[in-house]
Amino acid sequence: MEPDFFTAFAQPSALHHSPLKNDAIQGEKRKFINPTSCNNPKLEELQMLLIDWINTTLKQEHIVVKSLEEDLFDGLILHHLLEKLGSLRLEVEKIALTEKKQKHKLAVILEAVAQSLQLEESQLKWSVDCMCRSKMQAIFQKDLLSTLYLLIAIAKHFQPDLPIPSNISVEVIIIERTLTGLRTENAVEYITENRENLEGQAKADAFDELFTHAPDKLDAVKKVLLQFVNKHVGKLGLNVTDADSQFADGVILLLLIGQLGGYFLNLREFFLTPNCATEMLHNVNLAVALLTDGGLLDFPVNAEDIVNRDMKTTLQVLYCLYSKYKTKET
């Protein structure tokens, strides 16, 4: 929050790249990095950073990692890494030669990681999907996405000063086994922290702090925002005096967005005089969509909260507009 305010796909690759084996059960899902993202320079930079970190950490043990997914899948290097970083003593063999023993070893290691990091099952991103039959399944199958999530979690916990770059995203393909075959879906996923989202959350947290610990400043905040609003909707002959109620139907919010953005909304796109909650919700949803498309909203907003006159949500949205356009002349 600004100090001067008070003390915001590529198409699926061929299915032969699919990590789902022929014996996968119905409903099972897997998620993996689209091969088109593997040449992303930022992704390659992240992999090299993690490889260098592991090699530096295990230098005295003469261990050299060249490929994250190829060298870590059997648990041997992960075993050494956890012992070095966390002084963890795991009751498993150092060297597991058979697939059965490797899977057992890996399961013990991942359980130790979850306990050390105090993570619930739902937080284990390297398990890929709750439908997976085994927590070590993705790692053992040399899945790069899961391996990256695991190493980043370990690094943040045991070596928080490691300069992991932020805002690294990849295209992922989600594949599900269904009765009729494989169903695919594309998505974009952030592997490392999305700083833009963090900044938006910081703004939201600032309003939480305001409402919880500084309610005496609330009227001052409303006054500043209402002055800003009236400065721009005044030329339309409008005047807002009650922030608690006058934004609930979405009309003034839409007109304000149009004024600030330098355009007029087609009257057929929204209800100028909404007569029911459904029409009000339509208006507010449109406003939220416009703000999101314009890059002004960097945190999720529930339109129903504004319709229901939730003051905190309303002020958060107004503040996003204020932050962007506070210096705009009328």
Side-chain angles (χ1 to χ4, degrees), residues 17 19 30-88 90 92 94 96 102-103 105-119 123-129 132 135-173 187-195 197-198:
H17 291 294
R30 301 286 172 79
K31 177 167 46 180
F32 67 105
I33 297 176
N34 190 322
T36 59
S37 281
C38 290
N39 295 326
N40 181 339
K42 291 186 177 180
L43 180 61
E44 293 177 349
E45 178 188 349
L46 175 63
Q47 292 184 75
M48 289 307 304
L49 172 71
L50 293 172
I51 288 174
D52 289 344
W53 166 62
I54 295 172
N55 289 338
T56 301
T57 303
L58 301 179
K59 182 177 180 180
Q60 292 182 346
E61 296 169 43
H62 307 290
I63 290 176
V64 178
V65 172
K66 296 182 179 180
S67 168
L68 295 180
E69 62 269 42
E70 292 290 339
D71 293 341
L72 273 67
F73 80 97
D74 61 359
L76 175 62
I77 293 175
L78 286 172
H79 191 169
H80 283 278
L81 188 63
L82 290 173
E83 284 192 339
K84 188 72 173 180
L85 292 172
S87 299
L88 299 179
L90 304 176
V92 290
K94 278 284 187 181
Q102 288 172 348
K103 286 184 176 181
K105 179 185 180 75
L106 191 55
V108 172
I109 290 172
L110 296 187
E111 179 64 26
V113 171
Q115 291 180 358
S116 297
L117 276 58
Q118 298 183 331
L119 297 175
Q123 297 173 290
L124 305 181
K125 292 186 177 181
W126 47 90
S127 65
V128 181
D129 186 272
C132 280
K135 288 303 175 190
M136 80 292 185
Q137 191 169 33
I139 302 294
F140 194 78
Q141 291 181 346
K142 304 179 183 181
D143 177 69
L144 177 59
L145 181 63
S146 299
T147 303
L148 288 172
Y149 273 134
L150 174 63
L151 290 175
I152 290 170
I154 293 174
K156 285 184 176 180
H157 181 78
F158 291 108
Q159 193 167 344
D161 59 338
L162 188 69
I164 297 176
S166 59
N167 297 328
I168 296 182
S169 63
V170 293
E171 296 175 5
V172 298
I173 299 176
V188 174
E189 186 163 322
Y190 279 87
I191 298 179
T192 60
E193 289 181 335
N194 183 349
R195 290 294 180 186
N197 282 350
L198 292 178

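Model, not experiment: these values are computed from the prediction.
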Residue pairs involving residues 146-160 (criterion salt bridge (Lys or Arg N to Asp or Glu O under 4.0 Å); sequence neighbours excluded) | Lys156-Glu193

Exercise: identify the closest heavy-atom pair between Trp53 and Leu151 = CZ3-O, 4.1 Å

By side chain to side chain donor-acceptor pair (under 3.5 Å) - contacts of Glu70 (at least two apart) =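 Testing Glu70 for side chain to side chain donor-acceptor pair (under 3.5 Å), a comparison that skips the adjacent residues, returns Lys142.
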
Using the side-chain contact (heavy atoms from CB on, under 4.5 Å) rule, take Asp143 and Tyr149 through it: C-alpha gap first, then chi angles, then the decisive distance, then the call.
-> CA-CA 10 Å; Asp143 177 69; Tyr149 273 134; over 6 Å; no

Under 3.5 Å, is there a donor-acceptor pair between the side chain of Thr192 and the main chain of Ile168?
-> yes

Please confirm whether the backbone N or O of Lys66 pairs with a side-chain atom of Asp71, one donor and one acceptor, at under 3.5 Å?
->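 Checking the backbone N and O of Lys66 against the side chain of Asp71, a donor-acceptor pair under 3.5 Å is found.
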
Between Leu148 and Gln47, is a side-chain contact (heavy atoms from CB on, under 4.5 Å) present by the stated rule, with each step listed?
-> CA-CA 8 Å; Leu148 288 172; Gln47 292 184 75; 4.2 Å; yes

How far does [atom1] of [X] sit from [atom2] of [Y], to the nearest 0.5 angstrom?
| X | Y | atom1 | atom2 | answer |
| --- | --- | --- | --- | --- |
| Ile33 | Ser146 | CD1 | OG | 9.0 Å |
| Thr57 | Asp52 | OG1 | CG | 10.5 Å |
| Ile54 | Leu78 | CD1 | CG | 7.5 Å |

Counting C-beta onward and ignoring hydrogens, is there a side-chain heavy-atom pair between [X] and [Y] closer than 4.5 Å?
| X | Y | answer |
| --- | --- | --- |
| Asn34 | Val170 | no |
| Thr147 | Phe73 | no |
| Val65 | Leu50 | no |

Who pairs with [X] by side-chain contact (heavy atoms from CB on, under 4.5 Å), at least two apart in sequence or on another chain?
| X | result |
| --- | --- |
| His157 | Leu117 |
| Asn40 | Lys42, Leu43 |
| Glu61 | Leu58, Ile63, His80, Lys84 |

Indicate every side-chain donor-acceptor pair of residues 105-115 with a distance under 3.5 Å to a residue at least two apart or in another chain.
unit_1 : atom_1 : unit_2 : atom_2 : d
Lys105 : NZ     : His79  : ND1    : 2.6
Lys105 : NZ     : Glu93  : O      : 2.5
Lys105 : NZ     : Lys94  : O      : 3.2
Glu111 : OE2    : Gln115 : NE2    : 3.2

Assess whether side-chain contact (heavy atoms from CB on, under 4.5 Å) is satisfied between Leu72 and Ile139, documenting all intermediate values.
-> CA-CA 8 Å; Leu72 273 67; Ile139 302 294; 5.7 Å; no

